[in-house]
Every structure is written in structure tokens, then in C-alpha cells.
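Everything below concerns the one structure shown next.
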Amino acid sequence: MAVSLMQGNEAIGWGALAAGCRFFAGYPITPSTEIAEMLSRELPKVGGTFIQMEDEIASMAAIIGASVGGLKAMTATSGPGFSLMQENLGYAAMTEVPCVIVNVQRLGPSTGRATAGSQGDVMQARWGTHGDHPIIAISPTSVRQSFDLTIKAFNLSEQYRTPVILLTEAIIGHMREPVDLPEFETLEVVERVVTSSPDEYVPFSNEMGDVPPLAGFGQGYRYHITGLFHDQMGFPTQRLDEINPWLERVNNKLNNHLDEIVMVEEDIQEDATVAIVAYGASARSARHALKVARSQGHRASMLTLLTIWPFPEVQVEKLGERVERVIVPEMNLGQLALEVERMVGRRKVVRVNRADGEMVTPQMILDAIEG
Amino acid sequence: MISSLADRIEISLVGKGGQGMILAGMILAEAASIYDHKNTVQTQTYGPEARGGASKSEVVISSGEIDHPEVINADILVALSQEACDKYSPGMKEDSLSILDEENIDCTPATPFVRVPITRLALETTGRVITANTVALGVLVGLTEVVSRQSIEKAVLARAPRGTRQLNRSALLKGFEAAEALKMHT
Amino acid sequence: MAEHILDAHELDVDEIRIPRENWFESSETLQKLRKNKKFPTIWCAGCGNGIVMGSLIRAIEHLGLSNDEVALVSGIGCAGRMPVYMDFNTLHTNHGRALAFATGLKIARPDMKVIAIMGDGDALAIGGNHFIHAARRNIGITSIVINNAIYGMTGGQYSPTTPIGKQATTAPYGNIEPSFPLCELAIAAGATYVARSTVYHVLELDKYIEAAIRKDGFSLVEAVSYCHTTYGRLNKFGTAPEMMRDLKKNSISKAAYEKLSAKRQAGNSKIVRGVLHVNDEREEFTKLCRKLTEQAQGGGRQ
């Protein structure tokens, strides 16, 4: 294509189109609205449908319904809307229906600061809906990565039959950077494939590896989908010998494929005594601070987490073994730091936080590096 | 200084909501990235108001990779309103330059500044106050050459709504002219 | 049975187009049920839900629809459990959200007949917003609301259609909230086919559900039912057969209602049964979506 100056939110829209998204349902909310506006313009051009629903609950429901109908589907929202989506998000996890939820985080709680960025929904992305469930959340650090990770979100969602949350914020979402998007045809896109005949089809099979294939409605595969605990055919069950195998398969289906799901960027100095673990907009501030620190003679490493959930336990643990201190800058009061602490020990972790809607500054991180 | 990485240049364009400073930032960023082929990041800060309130557009330009996307200590400030000037002029680099709209602003920053009657020039040249942002871009580029004149002109014209290309072009040229006059003067 | 047939005779003979012997004896009807699902149903003996399920099956069969082209979507509550027994594409969703899920499904598969089955709490309380907006869009979904005036599954709490003064487990002093008139709400919101009958008047239900499915846009059939287990017991309405008889006694056909004087109409407290509203003017939503797509792709008017 050609270089254009593009907003992160717009890149998410293009990423969705490139991944084959053909349905978007959403409700207007700052700072995510550009995604809806962009897709309301572009989706019809490729034969897709945009619909503005009556609220975020309905938006989440509609994308699950459309996905069951065979379309790749996405919604985009911010904190208050993300809160409303939680029940249906759990439904998608329970029924293993692929869908992508973009949360352009803004400062909360409540209405908070609608136009200010935040990383306050990190824990909500993991545990926002009730009950134990698998979830994938990924977080871009640039406009180009907003495009790439949206495609990745769709691919992971289809591959593992799970909702995937693209966790960005007002900073990256509203930021403009020059990008030269690749031709869509050249990109790797995961499509649904059902191998068994309708007569043999077992929609929630525990015997076909971790992820049984999903057949869309109206294609001859008649079956039942329910948010109740269900047997392999999808029928409600109270039998513990049916519930437990389901729990085991579904909660392990991501853990068994971490090498494909967990994405990090490593910038390691062998003799570093300090390391930064960062994600999203804060990774941008951290990288700046890292360069300044190194130019001043500090030895420091950095791990940028593109995958937030499942948490990159192995990578963080390994990093922790090599340094004395791990700095975790976040635009919240310390959320993912809890996970880092779990992996490297509390005493090694230096939290750098602000939760007023402004970016963590490179100076704050530099101060932490200098100790 | 923490913001002085490589050849990083930080520019803040501030005004009231509706004065077009966010659009000016986008145009400047397009001139730098698309036409001058430099790494560029543009960000913005705005309140809940669509009109009024302080609004800020930031552009960071560098030949190296830009990590932190926001202005840390601005090299250049363009301010069209008093409130925006009060809010954003502290924190400028010592050797920075502030370009202040003469008739709208009477604060005196501690760092180097020039006063240009940006809004009046816009009104005199095009008859439209709304072109003040384009005049401001002309002054900014004319004084600092942060992007080339050809590139800013291409970027302005590419963004100009149908039927306003000539209007915007004359506003931009007026800005260049004002910058030349200032240079002669100093 | 005798009473049942007698009541059916109140209908125009022409309107009864389904040969009656097919309803009860046809094995094709039974084939709409799931062979691999264990019966009996979750419902209490004497519940009206099974009657509505029977009507729905007969309507689908009479329309000649294949099982593959039908999707049943439901929410939570006793009514929400209906789809699991039937051999269609079935989606049992969250409380109140059936229509929102169905909206996405209908857009993805406009060729399918999407039918949403809800209860009164499901459709009018937690799902009230989705209900009015689905009607406003006139999306091609057939809504069947089984109105038993109570939250049955959770044990008898008052719902948006519990009459004033009636007992519920959360209205021990009698309900003080007025009820939501479901059909009138749907009409005001933009539904293009609205009919009401009761689980006593099975022939009407068959016919109305069939017409509702045939209708292109958003259609509603309110099936007035009862819950003898909770509502009936709390209010001393007796057994299921007694409550069933009350539906006959306390309802009136639209034709008979329209013959009443204005004064008696105003004083009417009976359930009015009939096709309450038909609008053939409004275009169905997914058809509008298709047009918009063609326009965006340059095929239609600019």
C-alpha cells in the first residue's frame, strides 16, 4: 500500500478487515468510537455488516450470535462498556465461541476521565466475568502493532475457540504514526474448518485434542449451545463426570499452547542488574527511559509483553533470575505488577505507577532504574 | 536532558477546542512522515468539549525511532489562546521557541518567544478565522524549517476540503511571509 | 378435549388450515424433537410451556421448514429451556439477551428463520431494552413470549406482568407495580406482526405462531400461560387444570371484544386474544442491510 498517518484505532479497524471480520456491533464510547466509525464505513464495502446496538451488553451478545452464524465478529468499547460486556464475555468463554473484544482503556473507575488513557482494566480483562475461564488478552505498543495484533486476536480466537481481548488505551488508540500496511492477501489468516460430517459432529468434544472444530448454524450441523455446564453434545448437565473433563480441557486449552499464544519482545543485556517489564503505552515510555539509561552507562534489560493473558510466566521468571530489580511501569496503581511479583518475588519488584490519566513519564522510569 | 535523544524534536500546538490545532498537528505530522520521510508521532489531549476548553496536539519528529510518543519538554510551542499558553508554556526547553498569537495572548514565557498576529493575518488574508491554524503552520515552518516548505504545502493541500485549496494555500504563504518578516527584523 | 374443540370453533373455519389429525399423530412432528435428548422436560407437570412448544413445532412443520433452516434462541428462565428439546439450531443464552444474540445471528444468517423464546421477566424486565430495539429495527426475528406473570424458575418473584395486588415471594403484601402491556409495547416500538392468545387456545397459538414466522419483520406472539407451582399456589388459584379453565373464562377474542360497546370495552379486564397488529409497509432490517451493502459496493443508488 502507501504510507499514511494513521490512528491506532483506525489500524485496529483495518486489522479486523484484514483478518476477515465481517460483523461489528458496538455502542458509542470515548475513546473507542473511531473504530466503530471506521468500520461503519468500510464493512459494507466488503459485504460485512456494522450495527450500532442499544448498549454494550447487546453488542457483546450480537457478536456472539453473529459468530455462531459463521461470521468473524468484533466489538470495541472502553471501561464502562467493558464492564457491561462481562456477563456475555463469560458466555463466549463457556460456549467456546470465537470473538474479539477491543477495550480502548480510559481512566476509571466509573465514568472517570473519558478522554484520558489508562491501563486500569488489566485485571478486569482476566477476571471480569464470574467463574474460572480461559481468556487471551493482548496489548499493542504502536499503531502498526494495533493492526498486527488485531489480526493475531482474530487468529487466536478462531484457533482456540475463545474470546480474545485486544487491550489498548487512549494513548495508542488515538496516537497517529506513519504506517505502510501490507497487502491483506499476503497475511496469514485462520479460518474455521469442520472435518466431521453432521452425523458425527460433536460440538464440544473432549476427544479431538484441546479445541474441537466449530460449525456455524445453518450448515446442517444442528446442535445445542448453552451457558450452562454442558456435555460434549452441548446439552445441559449436572454430572460431575461430564463437568470435570470440560473444565480440564477448556481451562488447559490455552496453557497447552503457550508457545503460540504468548508474545513478548526481549531486549536483553547479559550483565544487566535491572530489568523493565512493560506493556502498551507504558512500554513506549520505558523504551525511551531504557535508551537514556543505557546512554548514561546503566546496564538494563527490557521485556515488552504483547500478551498480557495468559501471563508470560516463563519469560518473566527467567528474566527475574538474571537481575536484582524488576521495574514495572503501569498506568494504574499496580495490577500486572502483582503477576510479576508472583513470578520473581515481591522484593525484587519496583512499581512505577500513575493512575491520573497521564502517561508514566520516562523520567519516572529512569529514576527507578537509577534506584 | 531526558527528551534530548538523538535528533528528537518536540512540538506542541495548543489552542481552544475548535481552533483546529489538532488538525494542524496532523498536517504537520503528515508533512514530516509522508513527505519528509521522518519518523513521526502525533498525539493529542482534549477535554470533553467539542468546542472551547484547552486542546493540545503534539508532534514528535526524529530520524531515529520514537519511543515515548508525547512531548516531554517542547522545542517548539505554537499557542493560539491564553489559557492554552498558560497551561503548556512551562516545561519548555531552555533553547526552545514559542510562537504566540499576538492578539489572543499576553503572557510572557520564561523561554524565547515571538508574537505574531496569527488570527488577524488569517482574517485579513482569507476572511476566515478558521484558517488561523494554517497561518500558524506557515509561521512555524517558516521560522523553524522543522519540515520543508514543500512538504507542509503538500500536506496542507491534501487535507484542505474541496474548494478551499487556494484559500488554505494563501493562508500558509501568509504564514511563511510573516516568518520572513520576523527573521528580517531580528 | 371436547371443550377444546368447541372453543376452536369460535375461529373462522377458513382460518383453520392445518389438518388436525397431523398435529397429534404425525411422526414428522415428533421428528422435530431431539432424539438424543433425554425427556421428560424440566417443566412441572401441567405447565403451559409444553403446549407452546407443541404449537411452535406444528407451525414450523406446517410451513414446511427444514430443521436446518430454523434457529431457536432463548434466554434464562423456564421458557429459556425450550430449545434444548427441539432438533433445530438452538442457542440458549443469558437472561434477557435472547434478542440481542438473535440479532447477530439473523444478520449472519438472514436466510434462516430465527425464533426467540422468552418469558415475561426475560423479555420485559432484564431484556426490555433489547425487546423494544429489536422491534424498532424490525429485524426478522419471531418472538414468542410465554407470559405467566411470575419468575417461575427462581421460585415465584413478581415480574413486570404480575397484576397489581397479587402475591409473589417478593410481594408478600401484594404487588404494587402496574404491569407492562407486552403487545402494546411491541406495537408502539415498531413490530410488524403482533398477536396474543393463551395456552388454552392451542389452535390460535398454532396459527399465530405460523403467521409470525412467515412474517418478514419483527413479530411477536404473546402466549398467556400460568404458573400453578408458584403464582397459582401463592394466590390460591388452584391446580393447573383450574388455571387453564381460568384462561378460557378470563379471555375474549378480538372479534368479540370489538363488538362490545365503548363503555364495556373500557371496563374490560379480560385477555384480548387475536391478531392485534399487522404492518406490511416496513422493510425488514437485514434486507435494508443488504441494500446498504450494495450501495456501499457501488451497485445501488449513491
Side-chain angles (χ1 to χ4, degrees), chain A residues 22-25 40-73 75 87-91 94-95 97 99 198 215-228 230-231 233-237, chain C residues 34 36-38 42 66-74 76 80-81 83-112 114 126-127 129-134 136-137 139 285-286 289-290 292-298:
Chain A
R22 290 297 176 267
F23 183 81
F24 179 97
S40 72
R41 187 185 71 230
E42 296 300 328
L43 265 174
K45 293 183 191 169
V46 294
T49 305
F50 165 90
I51 185 169
Q52 189 166 301
M53 295 300 287
E54 49 272 19
D55 56 30
E56 288 89 347
I57 299 172
S59 304
M60 187 65 215
I63 67 164
I64 298 169
S67 184
V68 166
L71 296 183
K72 290 186 182 176
T75 187
E87 188 195 16
N88 287 339
L89 205 157
Y91 183 89
M94 178 57 132
T95 56
V97 174
C99 53
F217 273 15
Q219 295 162 20
Y221 296 82
R222 296 191 306 276
Y223 62 99
H224 190 61
I225 301 178
T226 176
L228 291 163
H230 43 271
D231 63 20
M233 293 308 294
F235 297 132
T237 185
Chain C
R34 276 202 163 113
N36 55 357
K37 172 67 197 164
K38 286 188 198 104
I42 195 173
S66 79
N67 292 18
D68 281 328
E69 57 190 316
V70 176
L72 300 185
V73 186
S74 67
I76 297 296
R81 296 301 186 99
V84 74
Y85 304 110
M86 287 182 279
D87 191 16
F88 304 112
N89 301 277
T90 55
L91 187 64
H92 176 218
T93 74
N94 285 338
H95 195 27
R97 317 300 172 204
L99 286 171
F101 280 83
T103 296
L105 179 59
K106 180 67 184 178
I107 291 169
R109 297 300 311 234
D111 53 322
M112 289 180 85
V114 178
I126 190 164
N129 202 28
H130 310 309
F131 184 81
I132 56 176
H133 286 278
R136 176 178 65 84
R137 290 187 191 102
I139 187 162
F285 181 75
T286 59
C289 288
R290 172 50 42 195
L292 185 145
T293 300
E294 282 164 8
Q295 188 187 327
Q297 290 177 331

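In what follows, chains carry the letters A, B, and so on, assigned in the order in which the sequence lines appear, proteins first and then strands, with residues in each chain numbered from 1.
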Where is the tightest heavy-atom contact between C/Ala100 and A/Ala61, given as atom of each residue plus distance? CB-CB, 3.5 Å
side-chain contact (heavy atoms from CB on, under 4.5 Å) partners for C/Ile132, two or more places apart: C/Asn129, C/Leu185, C/Ala189
Heaviest contributor of heavy-atom pairs below 4.5 Å to chain C, chosen from A/Gly70, A/Gly90, A/Ala66, is A/Ala66
Region of A/Ile51 that comes under 4.5 Å of a non-hydrogen atom in chain C: side chain
Are A/Val68 and C/Phe101 close enough that some pair of their side-chain heavy atoms sits under 4.5 Å apart? no
Would you name the heavy atoms of C/Leu105 and A/Gly69 that are closest together and state the gap between them? CD1-CA, 3.6 Å
Can you tell me which residue among C/Asn89, C/Asp68, C/Thr90 is in a side-chain hydrogen bond (donor to acceptor under 3.5 Å, both in side chains) with A/Arg222? C/Asp68
Which one of C/Met86, C/Arg290, C/Arg136, C/His133 has the most heavy-atom pairs closer than 4.5 Å to chain A? C/His133
For A/Phe23, is it the side chain, the backbone, both or neither that has a heavy atom under 4.5 Å from a heavy atom of chain C? side chain
Who among C/Asp87, C/Leu99, C/Asp111, C/Leu292 has the most heavy-atom pairs with chain A under 4.5 Å? C/Asp87
Please state whether the side chain, the backbone, both or neither of C/Ala102 comes within less than 4.5 Å of a heavy atom of chain A. neither
Is the ring pair C/His92/A/His224 parallel, tilted or perpendicular, if the boundaries are 30 and 60 degrees? parallel
A/Ile225 and side chain to side chain contact (heavy atoms under 4.5 Å, CB included): which single residue from C/Val73, C/Leu91, C/Val84, C/Thr93 fits? C/Leu91
Name all pairs fulfilling the side-chain hydrogen bond (donor to acceptor under 3.5 Å, both in side chains) condition that reach into residues 96-107 of chain C, sequence neighbours left out, sorted by first residue then second. C/Arg97-C/His130
What heavy-atom pair brings A/Gly47 and C/Thr293 nearest, and what distance separates the two atoms? CA-CG2, 3.5 Å
Rounded to the nearest 0.5 Å, how far does CD1 of C/Ile126 lie from CD of A/Glu87? 6.5 Å
Taking atom CD of A/Gln219 and atom CZ of C/Arg109, what is their separation to the nearest 0.5 Å? 5.5 Å
Taking the side chain as every heavy atom from C-beta outward, state whether A/Leu228 and C/Arg81 have any atom pair closer than 4.5 Å. yes
Quick check for you: among A/Gly227, A/Gly218, A/Ala58, A/Gly220, which has the greatest number of heavy-atom pairs under 4.5 Å with chain C? A/Gly218
Given a strict heavy-atom distance threshold of 4.5 Å, which part of A/Phe50 is in contact with chain C: side chain, backbone, both, or neither? neither
Out of A/Leu43, A/Thr95, A/Asp55, A/Ile63, return the one with the most heavy atom pairs under 4.5 angstrom to chain C. A/Asp55
